[in-house]
Every structure is written in structure tokens, then in C-alpha cells.
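Beneath this line is the structure, given in C-alpha cells, with notes to follow.
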Amino acid sequence: METATSKTAAATYDPKNICELLRRDGYVHLRKWVDPADVRSAVRAINFEIGEGISREEIELMRVNTISFGTDRLRHSQPITNLLYKTRAFKLVQELYGAENIFLPDYYVQIALRFPQDVGNDIISYLPWHLDNVQPGGVKGFGLIVGVFLNDTLQPDSGNFTVFPGGHRTLEAHFRNTAYSMSLYRHKYGKIIVPNIDIGDQHQILANAGDIVICHHQMPHRAAPNISPHIRMAVFFRIYHKHLPFEHPVDCNLRGDESLVDADVPSLCDCSKRSVPTDIGTMLINPDLSIPWIRGSKCSGSFQFWESTRRFITDSINQSGTLLDIGCANGFLLASLCYWLEQKSLSVIPYGIECDPSVLQCRRLFPNQYELGHFIQIDLETFLSAPTHEAPAFPERFDFIYWNVWVENYDLEAEIEQNILCKLYQMVSSKGKLLLGLYGTKPQNDEKLEKIKRVMFRRFPYVNNSHVQVLSSLNHSHNLLSIDAINQNN
Ligand SMILES: O=C(O)CCC(=O)C(=O)O
Ligand SMILES: [Fe+2]
């Protein structure tokens, strides 16, 4: 039966308001949203299973690693799952995500028991805050935590679920800085490394049994110590989004413009409409959406800068075919090129290699090709030492190979670096092109251009000036050296 309070709450907390609160505070406290009879059933089911036996190790794991209590049977039993499905929380989440987008893996239910400290031990020692689902390589793609509280925790330090209001925004600002965008991680089986920054004051949720708290996943949180007489009982449901496979190191965000915002940096929930998978066209006309991707592509400029320094690459591509990007990062350059080329009625099949884990994000932009093995995390030297072994899904040759020849890394003085250049050239199919991006200062670019030409002319005597073209970006700050493959393989 609904109480007057819950009716008021229902009226106030429509999805739009919830979104606003999630955006502003990072969490929303929904009072008495669970039917008391359902709370009682859940508590009874949990207490029954406690009575069946609980080992010291299990208690220790719950204390230290916050693992779930209970068997799979209990976690997926009706008394527990009713706490989500029978409440308005589930309808709300469906409205926020779009019902068709919800994905609930087996482990989406966590029964979280926080046991009291021993009598006489009133030491208050707070755990560090954390974010959930930080895995090797990044944050896994889930969007919301729905916490259902089964007993009153009306005093602080009763094992209360604890949030840091607005802390999700502080973290967002921090992770948006490219220098820190990869700074949140967990070592394999190890500790979560979180940034050492001030995320504001804690707020211990003072909950009645039957209250629900919905949290943006980027909300820093923890459990408070428990010096109350009771076991703090809660059930947390983690709601995933279908379009963000859970092994993917990005977050899930819902934006008013109907696009999922990506991010190698988690950002905010800004949802008033339902989300859809990332669409490159939408992103390319919306600087807000593209900036995190541009940052993830190792470019610190604006959206306009990105376009004025990258789009000119398409001037050198005059036919449809395969395109390999060396150092493809999150795939945004490839996606931009594909999109711009499509406007010239050319279609490109993208491939990429990248030495850091940002390559995992290519999955967002190219889900099908990613599954087919077109994107590989590997360094250039290892790749070239055995391409067919390292990248079995790659063709032997590509119509276009694009390589941003970093000024700092490749000065092409050493034989080994010259060999890399030559091997790449030999991987270009006849009538194709090797495209070398030069993104240094003008003198640096000019010097590099000459060096590349010297190496190429010496190693491939049939290559001469007529096969080499130099293009400049719109703002003249960047160059592209395009070298024709001139049937070298015939
Ligand atoms: O039990 C709580 O209040 C918080 C638990 C938690 O943060 C977790 O298990 O990830
Ligand atoms: Fe947590």
C-alpha cells in the first residue's frame, strides 16, 4: 500500500527530476518506495540463509571486499528480486534507460550485510571511498546503482551507505583532464587506485527500512562503520546498459540529445530522453559529445581544431578500400575519416593497432569490426615482426595505411626505425598509399619530410618525387606525406 509520503515522492520524482538530481548530487534518496511486506520477506529470506550457516571467511570477505552475502539461489529468489521489480525503482530505471536497453548480468544483485563492531569497540574508522566496477583497464560499463535498505539506519555510523554529494562532478572534471583520464584503475586482482583529490564531505544516508537510493555509478561511496546493535542489511542492484558491453572500459551516460556520451572519462547523467548507441554523425556535429573522444585520440584542441587538422587527410584518399591506422587510440580518427569519406561516396573498412588500452573503445564506434578482430592492442614493432600471427584477421596488405609519425618518438635516424617505415610501405597494396601524418612544428615537419623521402628513395629506388605528395591542413599547421605504392609488389 502506498503511503502519503510515497505518493508525494512519486509525484515529485518523475524521471526528469531524478535525472536532474543525479546530475546535481549524483544520488537520489527515495523514501519508503518498497512495500513493508516485501521488506519483511527479504529480511526473512536473508535471515533464514544466515541460519543455514555462514563461515568466518565469508564474513571476512564481506567486510574487506564487500562481496555479496548469500547463495545464487537466494540472490535470485523472489523475495530479493521483488525489491527491484515490484518497486517503482525498476520502472524508473526503464524510463531512464529505455526498457529495451537494460542489461542485467547474473551478478547484478548484491546482498550487502554490514556487521556491528564488537561491544566496547567504538572506534570510528572510515573505509576509503571507491567507485564500483573498476577493473583492469577501466570502469566497466554500468550506469546506476539501486540500493534498497532493509533496516533503519537513522543514526550515522550504523553501517550506513555513504555518498559524497557532487563528488561525481569533481571526479568528472578530474578525469576529463587528459593527464588523468587513465588514472582510475585496478591492478589485476589488486587494489583500486583512485585519484588523491578532495571529493567533498561525506553524507551518510539515514535510511528507513524500505528506502531506496539510486546512484550514478561515478558517485564516490563507501559503507560507514557499524557501531549500532543491528546488522545493516541492504540489497544493491547494478543496472547495466546493453549498448555498453560490461567488459568495455567506458561508462554509461544518458544525454538529452539522445546520444550516449562516451568517454574514456566517465561523465554525467544528463538524461531527459532515452539513450541510443553512439553515432559518429551525431558526435561530429556536436562538440560536446566529441570532445571526450578527441581527448582520447590524444589531441588537446577544440572540435574545430580537430576537423581543420584531420579532415584534409581524406583529400589523399581517392578510392574505397581498407585503411589501417597505426596508433588508432580510441578509433575516433578512423571513425571521423570513415564519416567524411562517406560524404565523398567512398567507403572504408577500418583496422587499427594501438599499444594502450584505449583501443578497447573502438568497440563503441565499430562494434562489428571490433568483434571481427580489426582492432588490436599491440605495439608497432611487435605487430610488424609477425603481422599474420599477431593480427590474424588483418589482410596481408591495405589500400591505405595511416601513421602519425610522432616527432618525439620516431626521428628515423636509427636503422630500426627506417625498417619500420619500409615494412609499412611494403604492406600497402598496389595502387594504395602510405599516409604519414606530421604533427610537429613547421621546421620539424619539413625536416622529417626530407628525411622520410631520403629513406624511401634510397630503399626503394623506383620511388621518386612524382610518387610523393605533400598536403597541408586547412590551418597549415599539419602536413601529410602521401606515398604511392606504385605496383611495388608486382
Ligand atoms: O554496503 C554498503 O553500504 C556499500 C557497499 C559497496 O559500496 C560495495 O559493495 O561496492
Ligand atoms: Fe561500492
Side-chain angles (χ1 to χ4, degrees), residues 22 26-30 34 42-43 46 50 54 58-70 74-75 80 83-84 89 105-117 124-135 138-165 167-168 171 184-186 189-195 199 202-228 230-240 246 251-252 266:
L22 286 174
Y27 76 101
V28 55
H29 185 163
L30 307 162
V34 187
V43 173
I46 293 169
I50 292 177
I54 177 167
E58 211 178 332
I59 292 183
E60 195 54 23
L61 279 173
M62 282 193 264
R63 205 185 286 281
V64 178
N65 292 348
T66 66
I67 65 143
S68 177
F69 168 73
L74 173 67
R75 286 188 298 109
I80 299 300
L83 298 173
L84 179 67
D106 273 357
Y107 48 81
Y108 79 109
V109 188
Q110 176 197 13
I111 297 172
L113 307 183
R114 304 286 157 242
F115 287 89
Q117 293 179 193
I124 299 297
S125 165
Y126 293 112
L127 293 166
W129 62 266
H130 69 273
L131 296 180
D132 288 350
N133 279 31
V134 179
Q135 301 294 338
V139 181
K140 290 203 176 189
F142 85 106
L144 296 170
I145 303 173
V146 176
V148 181
F149 300 95
L150 300 179
N151 67 312
D152 293 351
T153 48
L154 297 172
Q155 297 298 320
D157 302 323
S158 310
N160 313 55
F161 182 63
T162 303
V163 292
F164 293 78
H168 62 318
L171 287 175
L184 174 71
Y185 66 96
R186 181 200 282 262
Y189 310 116
K191 224 172 96 189
I192 299 174
I193 310 294
V194 295
I199 49 155
Q202 66 164 353
H203 169 67
Q204 295 198 27
I205 304 278
L206 303 182
N208 279 290
D211 287 3
I212 291 184
V213 167
I214 298 187
C215 257
H216 185 264
H217 73 277
Q218 181 80 351
M219 164 54 56
H221 64 272
R222 66 182 172 213
N226 188 358
I227 55 166
S228 84
H230 305 289
I231 300 171
R232 197 295 312 266
M233 266 187 201
V235 178
F236 292 101
F237 299 95
R238 290 185 179 77
I239 314 291
Y240 290 69
F246 59 87
D251 69 336
C252 170

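Hydrogens, waters and symmetry mates play no part in the numbers below; they use all other heavy atoms, side chains included. Just follow the structure's listing: the first ligand is 1, and inside any ligand the first atom is 1. Bear in mind that the values here come from a model prediction, so they are computed numbers and not experimental data.
- When each of V235, I50, I231, L61 is checked for a side chain to side chain contact (heavy atoms under 4.5 Å, CB included) with F69, only I50 meets the rule.
- At under 3.5 Å, not a single nitrogen or oxygen of N160, backbone or side chain, sits near a nitrogen or oxygen of ligand 1.
- Ring geometry, F149 versus F236: the interplanar angle exceeds 60°, so the pair is classed perpendicular (tilted spans 30 to 60°).
- Atoms of ligand 1 found under 4.0 Å from any heavy atom of D132 (numbered from 1 in listed order, with element): 10 (O).
- When you scan the N, O or S atoms of D132 for the one nearest the Fe ion (ligand 2), you land on OD1.
- Looking at M62, R238, R232, H221 and measuring to atom 2 (C) of ligand 1, the nearest heavy atom belongs to R232.
- When each atom of ligand 1 is checked for a heavy atom of H130 under 4.0 Å away, the hits are 6 (C), 7 (O), 8 (C), 10 (O).
- The nearest protein atom to atom 5 (C) of ligand 1, hydrogens excluded, is given as R114 NH2, 3.5 Å; this is a heavy-atom distance.
- Each of the atoms 1 (O), 2 (C), 3 (O), 4 (C) of ligand 1 lies under 4.0 Å from some heavy atom of A223.
- Scanning the protein for heavy atoms near atom 8 (C) of ligand 1, the closest one is T66 OG1, 3.5 Å.
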As a quick check of understanding, evaluate side-chain hydrogen bond (donor to acceptor under 3.5 Å, both in side chains) for T162 and N160, giving each step before the final call. CA-CA 6 Å; T162 303; N160 313 55; over 6 Å; no
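- There is a side-chain donor-acceptor pair under 3.5 Å between H221 and D132.
- Taking the side chain as every heavy atom from C-beta outward, I124 and I227 approach each other to under 4.5 Å.
- Residue Q110 has at least one heavy-atom neighbour below 4.0 Å for each of these atoms of ligand 1: 8 (C), 9 (O).
- When each of H217, H168, H203 is tested with Y27 by the rule ring pair (Phe, Tyr, Trp, His ring centres under 6.0 Å), just one qualifies, namely H203.
- Residues R75 and S68 form a side-chain contact, since some pair of their non-hydrogen atoms from C-beta on lies under 4.5 Å apart.
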